[in-house]
Structure formats: structure tokens, C-alpha cells
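First the proteins, then the strands, lettered A, B, ... as listed; each starts at 1.
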Amino acid sequence: MTIPAGSLLTAQDLRKAYGPTTALDGAEFSIHPGEVVAVMGPSGSGKSTLLHCLAGIVMPDSGSITYNGREVTAMSDAERSALRRSEFGFVFQFGQLVPELTCVENVALPLRLSGSSRKEAERTALAWMERLEVDELRKKRPGEVSGGQGQRVAVARALVTNPRVVFADEPTGALDSFNGERVMELLTDAARSANTAVVLVTHEARVAAYSDREIVVRDGRSRDMERVV
Amino acid sequence: MSIGHTLLGLLESGPRHGYDLKRAFDEKFGHDRPLHYGQVYSTMSRLLKHGLVEVDGIEAGGGPERKRYAITEAGITDVGRWLATPEKPEPYLQSTLYTKVVLALLTHRDAGDILDTQRSEHLRSMRILTDRKRKGDLADQLICDHALFHLEADLRWLELTAARLDKLREAVTR
Ligand SMILES: Nc1ncnc2c1ncn2[C@@H]1O[C@H](COP(=O)(O)OP(=O)(O)OP(=O)(O)O)[C@@H](O)[C@H]1O
Ligand SMILES: [Mg+2]
């Protein structure tokens, strides 16, 4: 594959096996700043594994991942976790909010971890919560809000550090279609206005319709539908 | 659905007589609407005229059903092109898509590719509707949602089919 000019994050020939199971078998990927790319494909095809590799959470057995000109597979664990903290945001299907903290504390957490003062962090957090229409929940704990509300809080937390890439794995998987679409609308609006790239794993077509283009993963290999047609 | 392409595709596995083609078509695709012999012969003569099939022999006894047809290189290319071109997202597309998938399996082409290309075509329409919905008023939103749910139904069928391609291959090539 030739790497498209201006890509922020690219992967080439990624391979990853878990024991006898091949999860990735030569997968490729690329995304531009501000682009929303849907990752689709059957269950077990390697979508989450691809996302975890791209985000530096899982190391591939071989292949190359380049973020902003730097080779991710050559970084130390510490460098990769610094990269994740400063440049990436994450939204998953469930269970990502810390149950003991209030919603605003949850959203502020990534800023606190990178050294912001509590006051400063919570002010920024609240601004994001307003944007995602969940600022009224600031004092509640995750156990006291609905699934759709909790997911919007999680999106606010993913965006609070102004990441350059948001990784979302089935972010609407546990929501009904109205709430799922609302989350997508808010996530993609916020991402577009901040030029944040979004890697969106989903099996739902209505959710994928919020993306700019899709890639399909089958048997650990990816297919970029834009470049085929 | 394109009967011409379907009959052509059925010829890829080897030459067949007119009556044999009709039988194969009815068995695989014509459950509710078997072909008339007339349709078969008018289609075959059109394909002959375009050089997509050739007459491979005529059985003694005469009648048009006794002609044996073979696909030409141009015919194979034509089937390939038809299979690779996504269908315009519209109602009742599943019968055409089903036919394409089965033909791809029968002719050892990649049926998954057909489904990927079709998904992509559907998503293209869905993106346009989603964009209109985001910018529109409530009426626009409701109208777009209706269209989106229909396209989504096609895609759910497509994903289920994709997940069962191996089983379908076994069933149709048996
Ligand atoms: N930590 C792991 N240990 C062992 N096998 C794993 C692990 N993670 C993934 N796998 C295997 O790797 C393959 C790809 O899994 P992956 O989670 O990437 O699929 P997926 O496309 O995200 O599926 P789904 O749509 O069901 O979430 C599967 O066969 C899975 O069982
Ligand atoms: Mg997964």
C-alpha cells in the first residue's frame, strides 16, 4: 500500500496471533486529521484487535504503525502510554466510567492525570459536558445515569484533552437507535470542529453512516472501500 | 433482475442445452417465478447476437431447446462486470443481490467482494441521507429516517448473508 499523503496515523501489514488464532493477517489502515473512518466486518474478524494495535494498547507481532511520523512499534511501553494519554481519546461499549467518581470528575480525570489542577480540569470538563448536553449530571455518579447519558459522559471524557485521534469501539452498541445516533452526532460534530480523527468500530450501518468512509476487515485483512471503487 | 446475466453465469460451469438452462434457473432462482421457454430463447438469441454465447452443438430432432450453448470469453467478462457492479439501493434489490451471490459462489468468484461493494454503495446513500438529516428540520429528519431504516434492513440481510457464505456455498454447489 502507498501511504496517502497527509495521513496522521497509518498501519501497514499488521500481523497478530493469539496462540493458534490469527487475529490480524496483513491489515492496513490510514486516517487523516479530522477524518471519521468506520471499521466494519463480521464478528471475530479482527476489528477490535486492529483498533487496539493502532492505539498502542496491543503490540502487533509484525508490521508498522506510524503516528505523526513516529514508529509506534518502536516506542517503549512508557512512551506509548504517554502517547495515549496526550494524543488519544477512547470510547468503549461499556464500563469505562469510574463508578466512585461523579460524572464531572470522570470527565476531568484525563486532565487531572496529566497534571491539571482540580478547578481547571473541572471547568474544562464542564464545558465539554455542556456540549454533549449532560452538564446537568455533573454531580451524579455513573450508576445514577442512563446508558445514553453515561455514553455521552464517556464521549466528553474522550474529547476533554483535545486528542488528535479518538478510538471508539462499538460506542453505541448498548444504546437504542435514537440515543446511539445522538451520541454519534455529538461525537462527530465535536471531532470535526476540533479536526480530531475518529476510528469508529461498528457493525451498525446507521452508525457507520456518520463516517466519511469505511474499511472492512475480514479474516484479519482490511479492505479500504474508498480505494476499491 | 438481469435474466441474461444469470443465464450467462449458469453457463460458466459448462455448456448447457436450452431446457437444461431453464431447469437450472428455476431450481436456483425461480422459486416463485419460473422462466418461460420463450424468455430463455429470446434471451439466448440476444446473447448470441452480442457474441456472449455461441452454439456448441445441436441435438438431432431440431427445436430451439435442442441447441447447446457455451459461454464465450466476452460472456465471462460480462458476467464478471455485472457481479462487480453494485446495485442501486432500491426496494426488492435482495433478489438480484441473492442471484449475484449465488452465481459468484457457483463460478468460484469472491462472493464476499460483491457484498462489500454493495455495502459500500448503500453506505454512500446512507451518508447523504444522514447529512441531510443533520442539517434538516424535523420533517426532513423523519423522511430521511424512513429511507435510512429501509437501507439498513438491506444491510442487515447483507451482513447475515456474509456470515453464512460458507453454508450457502455448500448448499448451492451440492
Ligand atoms: N486477548 C485475546 N486472546 C485470545 N484471542 C483473542 C484475544 N483478542 C482477540 N482474540 C481473537 O482474535 C480474533 C479477532 O478478535 P477481535 O476481538 O479483534 O474481533 P472483532 O472483529 O472485534 O469481533 P467483534 O465484532 O465480535 O467484537 C478472534 O478470533 C478472537 O477470538
Ligand atoms: Mg470487537
Visitor: Mind checking the CG-OG spacing from B:D145 to A:S177? Nearest 0.5 Å is all I need.
Guide: 7.5 Å
Visitor: So for atom CD, which belongs to B:E73, do other residues, nucleotides or ligands contribute more than 12 heavy atoms lying within a distance under 6.0 Å?
Guide: no
Visitor: Would you mind reporting whether B:L115 and A:R218 have side-chain heavy atoms less than 4.5 Å apart?
Guide: no
Visitor: Which heavy atom of B:L123 sits nearest to which heavy atom of A:A205, and what is that distance?
Guide: CD2-O, 3.7 Å
Visitor: Is the number of heavy atoms from other residues, nucleotides or ligands within 6.0 Å of NZ (B:K28) greater than 12?
Guide: yes
Visitor: Counting only heavy atoms closer than 4.5 Å, note whether B:D131 contacts chain A via side chain, backbone, both or neither.
Guide: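 For B:D131, neither part sits under 4.5 Å from chain A.
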Visitor: Distance under 6.0 Å and angle within 45° of the ring axis: does A:R206 meet both against B:F149?
Guide: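 Yes, A:R206 and B:F149 form such a contact.
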Visitor: Got a second to check how far A:D224's CG is from B:S120's OG, nearest 0.5 Å?
Guide: 9.5 Å
Visitor: Taking all non-hydrogen atoms of both residues into account, name the closest pair between A:R192 and B:R134 and its distance.
Guide: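 That would be NH1-NH1, 3.8 Å.
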Visitor: Which atoms of A:E181 come close to chain B, meaning under 4.5 Å heavy atom to heavy atom: side chain ones, backbone ones, both, or neither?
Guide: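 Looking at A:E181, just its side chain touches chain B.
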Visitor: Say whether B:R127 and A:S211, considering side chains only, have a donor N or O and an acceptor N or O under 3.5 Å apart.
Guide: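 Side chains of B:R127 and A:S211: pair found under 3.5 Å.
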Visitor: For the CG atom of B:L155 and the NE2 atom of A:H203, what is their distance to the nearest 0.5 Å?
Guide: 12.0 Å
Visitor: Is it true that atom CD of A:E144 has more than 12 heavy atoms of other residues, nucleotides or ligands lying nearer than 6.0 Å?
Guide: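 Yes, enclosed.
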Visitor: Which value, rounded to the nearest 0.5 Å, describes the distance between A:Y210 atom OH and B:M126 atom CE?
Guide: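 A:Y210 atom OH to B:M126 atom CE measures 9.5 Å (nearest 0.5 Å).
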Visitor: Contact part of A:T188 toward chain B, heavy-atom cut-off under 4.5 Å: side chain, backbone, both or neither?
Guide: both
Visitor: Might you point out which heavy atoms bring A:M225 and B:D116 nearest each other, and give the distance in Å?
Guide: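 Scanning both residues completely, I find the closest heavy atoms to be CE-O, 3.3 Å.
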Visitor: Non-hydrogen atoms of chain B under 4.5 Å away: do they reach the side chain of A:D212, the backbone, both or neither?
Guide: backbone
